[in-house]
Amino acid sequence: MRPIVVRPDAWPRAEGQAVKRPGRAGKNPAKAARSQVEPKPVDELSPAEAKKEHEFLAGEIERHDKLYYQEDQPEISDADYDALRLRSEALEQRFPGLISEKSPSLRVGAPPAAKFAKVRHAVRMLSLGNVFSEEETREFVARVRRFLKLGAGAPLDFTAELKIDGLSVSLRYERGKLAVAATRGDGSEGEDVTANVRTIADIPQELSGRHVPDVFEVRGEVYMAHADFAALNRRQAQSGAKTFANPRNAAAGSLRQLDPAITAARPLRFFSWGWGEASALPAQTNHGVLDAIAGWGFPVPPVTLCKSEDEMAAAYRAIELNRASLAFDIDGVVYKVDRLDLQERLGFVSRTPRWATAHKFSPEKATAILRGIEIQVGRTGAMTPVAKLEPVTVGGVVVQNATLHNEDEIARKDIRIGDTVIVQRAGDVIPQILGVILEKRAANSAPFAFPTVCPVCGSHAVREMNEKTGKLDAVRRCTGGLICAAQAVERLRHFVSRRAFDIEGLGEKHIQAFFDEGRIRAPADIFTLQARDGGSLPKLAEKEGWGPQSASNLFAAIETRRAIALERFIFALGIRHVGETTAKLLAKTFGSLQEFRRVMAEAGAFDRLNEIDGIGDEVAQSIVDFFEEPHNREVLAALERELTVEPYKLDVVPSQLAGATVVFTGKLERLTRDEAKSQAERLGAKVAGSVSKNTLYVVAGPGAGSKLKKAEELGVKILSEDDWFDLVSAA
DNA sequence: ACCCCTCGAGTTCT
DNA sequence: CTCGAGGGGT
């Protein structure tokens with residue numbers, strides 16, 4: 001056999017691409033450097049030589065993968081193995097003709113990147129609403145019928161499908177070939193896991209069969225079967241690696257490997273349940289398209305077509321009964337309106353489709369001893385009780401904490417320290433306490449006394465009176481405000497959080513530590529951190545756990561955030577009642593920070609805010625209060641000295657109706673109001689309740705009154721419902 | 001006066 | 001993910 005040519009240092013490696021393959025024998029790079037022969041530079045190879053070497057390398061890589069992953073008997077060190085891969089890739093880069101389906105870089109992946117690239121979904125990946133009973137299923141069907149204006153007698157088919165418990169991915173096929181695979185992420189943007197997905201046998205590299213659309217995104221679930229999961233955990237345990245809590249975590253952990261070779265060695269499978277962008281659809285029904293997807297070579301779980309609520313309930317019960325005999329985990333049943341034209345009419349409510357819902361199985365429950373109740377103080381002073389539990393496994397995960405929401409919740413359920421409580425994971429994620437097993441309560445237990453002072457700063461904690469309803473708020477808040485360290489730290493954490501300033505390397509731990517030592521006390525301090533470094537406090541680079549490199553990385557990360565979009569900036573301020581959406585609304589309304597501040601300094605600030613659609617009395621008052629507080633003004637001024645806040649940029653929606661405001665009035669015959677609204681919003685228009693000079697169209701049906709009159713007065717264009725239909729279908 | 005939806009603010013664990 | 005509350009429509 002030809003000797004392996006290795007010398008890692010001789011070949012270029014991009015920064016951050018260090019290949020991590022934990023557990024491989026012989027980690028010491030010095031050892032690898034001993035046996036070496038200088039390889040011929042790639043540029044000096046003839047195509048024939050390159051081809052030969054490339055083939056040889058591919059074989060070697062495959063052999064070592066097998067030794068390492070399947071037989072756990074590696075022959076070469078990590079560094080040597082990496083060198084093989086890098087050499088192979090260098091060859092491919094110089095001679096792209098060498099790249100084939102079989103080439104190692106595609107089959108088991110390009111060099112691991114420092115992290116996954118982001119992929120924007122052409123069609124958003126949504127989450128589903130939930131129902132937990134037959135009754136709620138009937139309500140769901142009734143809602144759909146109401147929305148579509150279908151009487152109880154009109155036919156309406158639903159499909160019932162297994163809800164596989166794995167992780168969702170979107171597989172984009174262009175001209176029939178797998179082009180990109182992405183995780184769901186936040187629904188709009190996921191991570192590029194193409195290289196990993198190529199290693200999953202259930203997923204074809206190419207769609208087979210006729211009538212393959214030019215572009216088609218197959219969506220479905222990557223999962224791990226029970227038997228494969230058990231075997232994997234056995235192997236993990238034998239090799240001393242950590243085992244996985246459940247098949248879902250194992251699947252997620254396996255897919256999200258930076259090194260696709262690891263994914264390749266994991267027994268991942270795939271089921272398709274839907275699709276995203278499609279240049280053409282092979283059918284007009286959900287079950288028809290799923291059949292076509294199966295025909296292209298994908299596993300598709302069985303679909304039951306249901307003509308009534310009774311049939312849906314029967315399908316659910318049948319699946320529930322069979323659950324234990326399945327080779328994989330499911331966590332419920334998904335119902336979808338079968339006809340695609342109806343799906344389109346139904347549209348979406350925020351992030352969930354109106355035409356589908358998940359009927360979840362009741363989650364696994366467990367009992368645990370409540371050791372104590374901790375009070376956490378949020379950035380608004382909200383005091384949230386958290387149950388500290390004796391660790392217990394629920395749904396394959398060890399749970400130690402569970403939120404108790406607020407003091408009324410504790411009183412309602414009469415939860416006492418020392419009690420045995422019933423725990424479940426809501427939606428199989430967030431632990432919650434259902435109630436107490438009273439028989440197990442100790443005789444000397446006492447109701448929990450919710451503190452009336454802040455556990456951190458000692459200030460009074462009060463429940464405010466809601467002036468409108470005359471009721472007490474559910475939350476008790478610390479009144480310490482500026483003097484409360486907990487609130488200050490939480491505000492800073494909010495400021496640097498992902499949706500606000502998103503400063504890399506400045507996580508919650510660092511914020512707490514920097515606050516404690518006085519390095520950062522107010523937001524603007526973040527941006528003077530470097531200038532003050534080595535002043536009254538020791539240099540950051542000399543601080544424990546830090547070094548020159550990590551310190552300079554942090555300073556660099558901070559620098560990149562000196563320019564920030566207005567909406568992010570407003571959100572970061574942490575004004576009560578102003579979250580991401582309202583921050584964006586304010587940014588859109590005022591355009592620039594200067595203008596926003598100018599208006600807020602005027603006497604009519606409250607009214608200017610209040611007249612914005614979506615901002616009522618409470619939110620307007622909260623914003624006004626924020627700007628009246630001298631400390632906040634100082635914080636703002638200090639930030640403005642350090643930062644460039646960029647004016648708001650309009651999002652571009654390519655549609656005639658983009659940015660327009662329309663008003664519907666009178667009776668609509670063909671549409672429900674919701675339907676009309678979602679149509680308008682899909683085209684980038686806003687639906688308002690009242691007519692003003694900013695209104696572009698008023699769509700008037702029979703019985704229209706004052707709004708129609710006002711439209712005539714203002715000269716706003718008036719459309720019939722039919723006109724509106726024409727406009728929508730033209731767009 | 002009530003209902004529905006959306007938003008905000010809090011939460012867990014990997 | 002859940003709860004509570006705000007906003008807006010019926």
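So that the names make sense, note that chain A is the first sequence line, chain B the second, and so on, each numbered from 1.
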Determine the contact category for A:Val399: base if any of its heavy atoms lies under 4.0 Å from a base atom, sugar-phosphate if only primed atoms, P, OP1 or OP2 are that close, otherwise nothing.
sugar-phosphate
Using a heavy-atom cut-off of 4.0 Å across all strands, would you classify A:Gln400 as base, sugar-phosphate, or nothing?
sugar-phosphate
Nearest-angstrom distance from the residue atom [atom1] of [X] to [atom2] of [N]:
X	N	atom1	atom2	answer
A:Glu580	B:dT6	CD	P	16 Å
A:Arg477	B:dG8	CZ	P	14 Å
A:Asp408	C:dC3	CG	P	14 Å
A:His494	B:dA9	NE2	P	7 Å
A:Ile612	C:dG7	CD1	P	12 Å
A:Arg493	B:dG10	CZ	P	11 Å
A:Lys388	B:dT11	NZ	C1'	12 Å

Below 4.0 angstrom from OP1 or OP2 of [N], is there any side-chain N or O of [X]?
X	N	value
A:Arg576	B:dA9	no
A:Thr380	B:dG10	yes
A:Asn401	B:dC13	yes
A:Thr582	B:dG8	yes

Shortest side-chain distance from [X], nucleotide among [options]:
X	options	answer
A:Gln376	B:dT11, C:dC3, B:dC13	B:dT11
A:Thr581	B:dC13, B:dG10, B:dC7	B:dC7
A:Arg379	C:dG6, B:dA9, B:dT11	B:dA9
A:Asn249	C:dG4, B:dT14, C:dG7	B:dT14
A:Gln432	C:dT2, B:dT12, B:dG10	C:dT2
A:Asn406	C:dG6, B:dT12, C:dC3	C:dC3

Inter-residue atom distance A:Leu389.CG - A:Asn401.CG, 0.5 Å rounding:
7.0 Å
If you apply the rule salt bridge (charged side-chain N to carboxylate O under 4.0 Å, His left out), what do you find for A:Asp408 with A:Lys413, and how did you get there?
CA-CA 8 Å; A:Asp408 286 350; A:Lys413 294 179 176 162; over 6 Å; no
Just checking A:Phe596 against A:Phe627, ring centres under 6.0 Å apart?
yes
Applying side-chain contact (heavy atoms from CB on, under 4.5 Å), run through A:Trp273 and A:Val334 and close with a yes or a no.
CA-CA 10 Å; A:Trp273 43 249; A:Val334 178; over 6 Å; no
How would you list all residue pairs meeting salt bridge (charged side-chain N to carboxylate O under 4.0 Å, His left out) that involve residues 482-492 of chain A, not counting sequence neighbours?
A:Glu490-A:Arg493
